[in-house]
Amino acid sequence: MNAYAVKLALRHLFSHPAQTALLMLGVALGVAVFIFMSALIGGLATLLTLRTVGSIPHIVLEEPDHDPAVLVPSIGALVVLQKDLSRRNQISIWQPAIPIAEQTPGVTFVSPQIRGAAFVERGQAVASVGVIGVMPGKLSAIADIDAAIVEGSSDLLADGILIGSRLARDLGLRVGQIVRLTSDRGRARSLHIGGIFTLGVASADRQAVYMNFSTARALFDLPTGISRIEIKVQPAIDAPRIAARLRSATALKATAWTEDNTQLFEGLDAQARTGTIIKIFALVTIMVGITSAMSLSVVRRQSEIGIMRAMGAGKTFVVSIFVLEGTLIGLIGALVGTGVTWLALAPLPPVAQVARGGLPIDQAQGGFLVAVVLTTLAGALASIQPALRASRIDPVEVIGS
Amino acid sequence: MTAEAIVTVCGLTKSFGREETETQVLRGIDLSIRRAEMVALLGPSGSGKSTLLTILGTLMRASGGSHDMLGVDLMRASDAQRTEFRSRHLGFVFQFHHLLSDLTALENVMMPAASAAGRETRAMRARATELLNAVGLSDHLDYRPSAMSGGQRQRAAVARALINNPALVLADEPTGNLDRKSADQVMDLIQKINQTTGASFIISTHDEHIAARCSRRIGLLDGNIVAS
């Protein structure tokens, strides 16, 4: 880099401090908009994702559907296949899939489960529920039941169950009471209510019943197999990629949460595109501001540029002065903008703790470094045209005038 | 033409515009300048003095003829080569000082050398200080142009013209904006530098008093040399 060009660029900047400060303030504001939009759009996406996928598995592994094989292919004949619905869908050999899933990068929790439909009866009151049998220590692997307990405890004893608060209200149930639970396999058992939870998801609070893995085995007549394996990943957005990997590694059917939430995905995508457009506008505004300021600077300094050219300064040298000036405006403005925005966003709570009605701003997604790099680049690009104009100034005309 | 000649132009012409709007400013100038010569270029406004100086200073190309300096054919040289030649061998003093307002007197004097080298060096600083001492501005090294008088600025401009030890200094009405006392000071300075450094000077002027201090006078009228 030409040290003398840097010196002259700095002199240009500091010769009119008020004007330079105003210009840099404009750049800083543009950068603040850029960062704020990045943090807000990113935070909003995180919040929506958290709220949507916080209590559901990110990937579900199940036994794949087996279509009946056609033993004798008939050319020109219409073959009708009927799926065998007489057998229950279960993963018979599930143990090898657990370590494979646990060792897959991005996977945070793996929970083998026994699931089934059942009726809960208390006196004359009956409610249909979905039973989830979980292994010891895996209760909160998918939904944080431990944190959601509002009454009783989260211990899953052999004769105990955990029910949602809406189900408890519908049936008038309390902790310690006994209910009769009849599975869709026709097996019934009396169980006591060990705890009541509120997840904040209506369907779960009304229909989910958690029970001990062994108890579920007996109730749903699954002595060795399991219904499914539920998996959490980090980040949740990587679920489709990890699901594809697990599908090929385990030969099980792997369904990512995104397949059942395409509308949310499309919404987040549209939101991200909107944010990108706003950020582009912020950068274009910065570039227009720098270009006009640099053009004015060239007009104001044309006699000086002419005299430098007359004294033997090359065109490249003149271009480098003004490009450096624009780059410095971009860089310093960006540093001021990122610094002030960082300080302004620092006291805001993390997205997961945002109160209802609050702005979900995720400082980590503010793109501070990207903002500095892009704005500096924008400053350099914005000054190229004025710099080229400066280099074309004819010293003869300037000196003559 | 002699062996001492540093600049030689033969049949130099310059015209502006085309066809019916064409204006012939220089009509075949033959001229040579010897080393350490101090030449006054005289003539009324519009005679072509400034155009000739501009061409000799490689700031403009002639329309025809030849232009050689220190063995370099400047008519054939590219723009980049002419720019580099200018920074090495030519110095300029204008009617207006044209000092850079953001730089001090010392920095202004270093500017031609620093912009060619891409940086300021100790040697440049020492040379610029020496030149400013020589023009009587040793107390004004760190002054900005806005804090200096007209005569001081012009003396700083003379010092700037000498930073690269040029073979030829082109001065276009260097005292035109100065009062008599300041003009005499500047001319004393130019004469002194001419004698001590051996640099040749071509001084364009209307002022007989200035011309009388030069070793040779060249008269220009309607683009022709009428007296030499």
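Naming convention: chains lettered A, B, ... in sequence-line order (proteins, then strands); numbering from 1 in each chain. What you see is a predicted model; the values in this text were computed from it and never measured.
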Smallest separation among heavy atoms of [X] and [Y], with atom names:
{"X": "A:Y4", "Y": "B:E120", "answer": "CE1-OE2, 3.4 Å"}
{"X": "B:L59", "Y": "A:P395", "answer": "CD2-CG, 4.1 Å"}
{"X": "B:D102", "Y": "A:S15", "answer": "OD1-CB, 3.0 Å"}

Please indicate whether [X] has more than 12 foreign heavy atoms, meaning atoms of other residues, nucleotides or ligands, lying under 6.0 Å from its [atom1].
{"X": "B:F16", "atom1": "CZ", "result": "yes"}
{"X": "B:R125", "atom1": "CZ", "result": "no"}
{"X": "B:R35", "atom1": "CZ", "result": "no"}

Which region of [X], side chain (C-beta onward) or backbone (N, CA, C, O), has a non-hydrogen atom less than 4.5 Å from a non-hydrogen atom of chain A, or is it both or neither?
{"X": "B:T54", "result": "side chain"}
{"X": "B:F92", "result": "both"}
{"X": "B:L90", "result": "neither"}
{"X": "B:T58", "result": "neither"}
{"X": "B:A116", "result": "neither"}
{"X": "B:R88", "result": "neither"}
{"X": "B:Q95", "result": "neither"}

Output yes when A:K315 and B:D79 qualify as a salt bridge under the 4.0 Å nitrogen-oxygen rule, no when they do not.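 No, A:K315 and B:D79 are not salt-bridged.
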May I have the step-by-step check of side chain to side chain contact (heavy atoms under 4.5 Å, CB included) for B:N164 and A:M311, ending in yes or no? CA-CA 10 Å; B:N164 285 328; A:M311 298 288 172; over 6 Å; no
Check whether any side-chain heavy atom of [X] lies under 4.5 Å from a side-chain heavy atom of [Y], and answer yes or no.
{"X": "B:M60", "Y": "A:D394", "answer": "no"}
{"X": "A:K7", "Y": "B:R119", "answer": "no"}
{"X": "A:R309", "Y": "B:T83", "answer": "yes"}

With a 3.5 Å distance limit and no angle check, can you tell me whether B:E84 reaches the backbone of A:G312 through a side-chain donor-acceptor pair?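 Here the side-chain-to-backbone pair does not exist.
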Do any N or O atoms from the side chain of B:R86 and from the backbone of A:A310 form a donor-acceptor pair under 3.5 angstrom?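 Yes.
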Does B:R160 form a side chain to side chain contact (heavy atoms under 4.5 Å, CB included) with A:I307? I'd like the steps, not just the answer. CA-CA 11 Å; B:R160 180 181 62 187; A:I307 208 71; 4.0 Å; yes
Gap between atom CZ of A:R11 and atom CD of B:E107 - 0.5 Å precision: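 Taking CD in B:E107 and CZ in A:R11, the distance rounds to 4.0 Å.
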Part of A:I321 within contact of chain B (heavy atom distance under 4.5 Å):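 A:I321 has no heavy atom closer than 4.5 Å to chain B.
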Taking side chain as everything from C-beta outward and backbone as N, CA, C, O, which of these in A:R301 sits under 4.5 Å from a heavy atom of chain B? Side chain, backbone, both or neither.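 Just its side chain gets close to chain B.
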Chain A contacts, top residue of B:S87, B:S115, B:A117 (heavy-atom pairs, under 4.5 Å):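 Option with the top pair count is B:S115.
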